[in-house]
There are 2 protein chains.
Amino acid sequence: MLTERQLYILKAIVDDYITNAEPVGSRTISKRQDINFSPATIRNEMSDLEEMGFLEKPHSSAGRIPSQKGYRYYVDHLLSPMQLSSRDVTDIRSQLAEKFQESEQVIQQSAKILSQLTSYTSIVLGPEVFESKLQQIQLIPISATQAVIIIVTDSGHVENQTVYFPENVSGSDVEKVVNILNDRLRGVPIYQLQQKLSQEIASVFKKYVSKYETMLTALREVFQDHQQEKVYYGGKTNILSQPEFNDVERVRNILNIFEEDALVSKLIRSEDQGLTIRIGEENDFKPFEDLSLVTATYTLDGKYVGTIGLLGPTRMEYPRVISLMEYFSRDMSDLLDRKNKN
Amino acid sequence: MLTERQLYILKAIVDDYITNAEPVGSRTISKRQDINFSPATIRNEMSDLEEMGFLEKPHSSAGRIPSQKGYRYYVDHLLSPMQLSSRDVTDIRSQLAEKFQESEQVIQQSAKILSQLTSYTSIVLGPEVFESKLQQIQLIPISATQAVIIIVTDSGHVENQTVYFPENVSGSDVEKVVNILNDRLRGVPIYQLQQKLSQEIASVFKKYVSKYETMLTALREVFQDHQQEKVYYGGKTNILSQPEFNDVERVRNILNIFEEDALVSKLIRSEDQGLTIRIGEENDFKPFEDLSLVTATYTLDGKYVGTIGLLGPTRMEYPRVISLMEYFSRDMSDLLDRKNKN
DNA sequence: TGTTAGCACTCTTAATCAACGAGTGCTAAA
DNA sequence: TTTAGCACTCGTTGATTAAGAGTGCTAACA
């Protein structure tokens, strides 16, 4: 229902607004090399596009800016995904290659690079612990009533926590407990630990361990805590450099959200494999109503482990961002797979 | 060299400016209950105080604001440390008491409370790992060439890192290594680990472990990393609510500093036991030139373990902040001591 | 019938100006 | 020594104006 020319003009406007952050006038468009119509013609088309809801006017004598619907249409139909420059690619390669030690570092580094390349804020959800399985449990006594419990997963992730025993527990009891746990729980997904503990382990403890209730409650607490996903940020303050965010109060609100990992995690998370783009109000979250969020998932052995996200103004460099996100989504997965095979 | 009255007036001006963030005029001061001089008299005194460098004028027809020197004098001689309200105390008590599990949580929670009570930004340096001693080392194989090494200190702190062995290492070798390390290194301060490794352990390895060089380089890397202090923040964005920070660019600069823990750590750190107040340029750091930083140390068993800091505008509620910091400095030390004795 | 030149109109932005008021500094009197 | 009085300074506020960018409409053109 949109004519060829309208498509062309809409694209031109969005492109222009994305780079200049200023309402686009008819003359600006008509001056372009690839367009051979007078401003008046463009104006007529713009007027139509506005009527259809793709454009809006900040005020009657400004140019047009894309509406939310305009961005959406642009993203869905108009946008030509930009080829990543070879400089970008080598940049990424070199920066990711050097840090190759721990999965966690790969993720952190990715967040950083992503934010540097875009000057938006990147948010990466770390591998969910509960997707991975228990490799080993260690209990290291610090004092008579205090020990550190360490949980190592098959992906090499380590969680630790201090436990307090209300009454003294003998060294041999601790040893027994560790043995039992390792025997029975190796290979069990982290999120099932607590359940297994109550159902299977409790009775075994009862048989062999003298102060089994003390141990049990202590362990229960520990398993409770480790079900959350980690959140990594890159360029938290990048968003402040966007001209649309010169109001300190607005900025403060957004920055405060970043402090609440649980909330962010919920916002970013996306079940869909592949790329997701949420524009403005599509985020369904008031403080993000003029922000766009592009997310992609990354995998390990084909299974979902986390999400990478990029948060910027609705006026976002979609073509570039999309290419970048696709690249990262693939590259991180590869990297993690390779690390995993080591 | 300052008369009684001048002291009084200087204090009144600083107090007023601290609460209202606006230049203080002579009339405002003379209206105060406790002052019985006409505006003209006050003006004369103000003029003198300005000449001496304690006050300055934003422009000729505004009131006066304290100069850096003014704040300094106020802090050193004028300020009456405010009694903490009993509400504050109970607030703190209740919020610190509930979270009592891990040292790290105590610190984190302290940072949070401190920022909430003041609406400044709190920065707390975590216990320096290298003050504590090695309790136990664990090496947990994940795959043939990959293991997780876990370092537990006597304070219950856990550090972990993944190590890669370039060539396969046998299980018995790993076991030997762990035994040797635990035998020889228990009780050694963390910061000495690397040194000891090269000096003493290397030769032992050579004797008993087949691929000892592989192990050695892997371990060396691990010990390298764990010498930094952790930095905890509370209310990172609180500073944005101060009226003097309505310029996004300024804010961005400060916020960016918070992302670099090493730098912050260096800035906050203070060797002096007790309270330190650095006003504006005394921080010797450009981006902090109109910020004040109040720091105090906290201890464990009488020994320095970390620093708590509060960062706000030079126009800071010094009386309140000082009391709070003193309180926290004591309370955190107590808390940690008690935890340590458990 | 689609395109475009022309022009009146709208609305923002920047600049200028005057009035206001908060505050100072000085002088002279108490 | 203190203070009343007053002229002066300077930032703030609001109004007014001019400039400029852009639109929308009409009428002419191909």
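Just so it is clear, the structure is predicted and the values come from calculations on it, not from any experiment. Residue numbers start from 1 in every chain, and the chains themselves are labelled A, B, ... in the order their sequence lines are given, proteins ahead of strands.
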Protein-nucleotides 1-4 of chain C N/O pairs under 3.5 Å:
from	atom 1	to	atom 2	distance (Å)
C/dT3	OP1	A/R5	NH1	2.9
C/dT3	OP2	A/R5	NH1	3.3
C/dT3	OP2	A/R5	NH2	3.0
C/dT4	OP2	A/S38	N	3.1
C/dT4	OP2	A/T41	OG1	2.6

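- When the C1' atom of D/dG24 is taken as reference, atom CG of A/L49 falls 16 Å away, rounded to whole Å.
- The CD1 atom of B/I42 sits 15 Å away from the C1' atom of D/dA4 (whole-angstrom rounding).
- The shortest distance between side-chain heavy atoms of A/L275 and A/I322 falls below 4.5 Å.
- Minimum atom distance to the side chain of A/H59 is reached by C/dC11, of the listed D/dG24, C/dC11, D/dG11.
- At a threshold of 4.5 Å between non-hydrogen side-chain atoms, the residues A/L291 and A/F245 count as touching.
- In this structure, A/S67 contributes its side chain and A/G53 its backbone to a donor-acceptor pair below 3.5 Å.
- Ring orientation note: the planes of B/F285 and B/F288 are nearly perpendicular, at an angle over 60° on the 30°/60° scale.
- For the pair A/E50 CD and D/dT23 P, the interatomic distance rounds to 10 Å; values are reported in whole Å.
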Short heteroatom pairs, N/O only, protein and nucleotides 21-23 of chain C, under 3.5 Å:
from	atom 1	to	atom 2	distance (Å)
C/dG23	O4'	B/S61	O	3.2
C/dG23	O3'	B/A62	O	3.3

Could you go through A/Y120 and A/Q242, starting from their C-alpha distance and side-chain angles, then the distance that decides it, and tell me whether this counts as side-chain contact (heavy atoms from CB on, under 4.5 Å)?
CA-CA 9 Å; A/Y120 305 132; A/Q242 302 295 340; 3.3 Å; yes
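- As a whole-Å value, the separation of A/E51 CD from D/dT23 P is 16 Å.
- Checked by atom type and distance alone, the side chain of A/D76 never pairs as donor or acceptor with a backbone atom of A/Y73 at under 3.5 Å.
- Between A/K57 atom NZ and D/dA21 atom P there is a gap of 18 Å when expressed in whole angstrom units.
- Environment of NZ in A/K236: crowded, with over 12 heavy atoms of neighbouring residues, nucleotides or ligands closer than 6.0 Å.
- The pair B/R32-B/D16 fails the salt-bridge criterion, with no side-chain N (NZ, NE, NH1 or NH2) lying under 4.0 Å from an Asp/Glu carboxylate O.
- The CD1 atom of B/I29 sits 18 Å away from the C1' atom of D/dT3 (whole-angstrom rounding).
- As rounded to whole Å, 13 Å separates atom P of D/dT1 from atom CD of B/Q6.
- Taking atom CG of residue B/L55 and atom P of nucleotide C/dG25, one finds them 11 Å apart after rounding to whole Å.
- For the residue pair A/N238/A/Y233, the side-chain donor-acceptor check at 3.5 Å is not satisfied.
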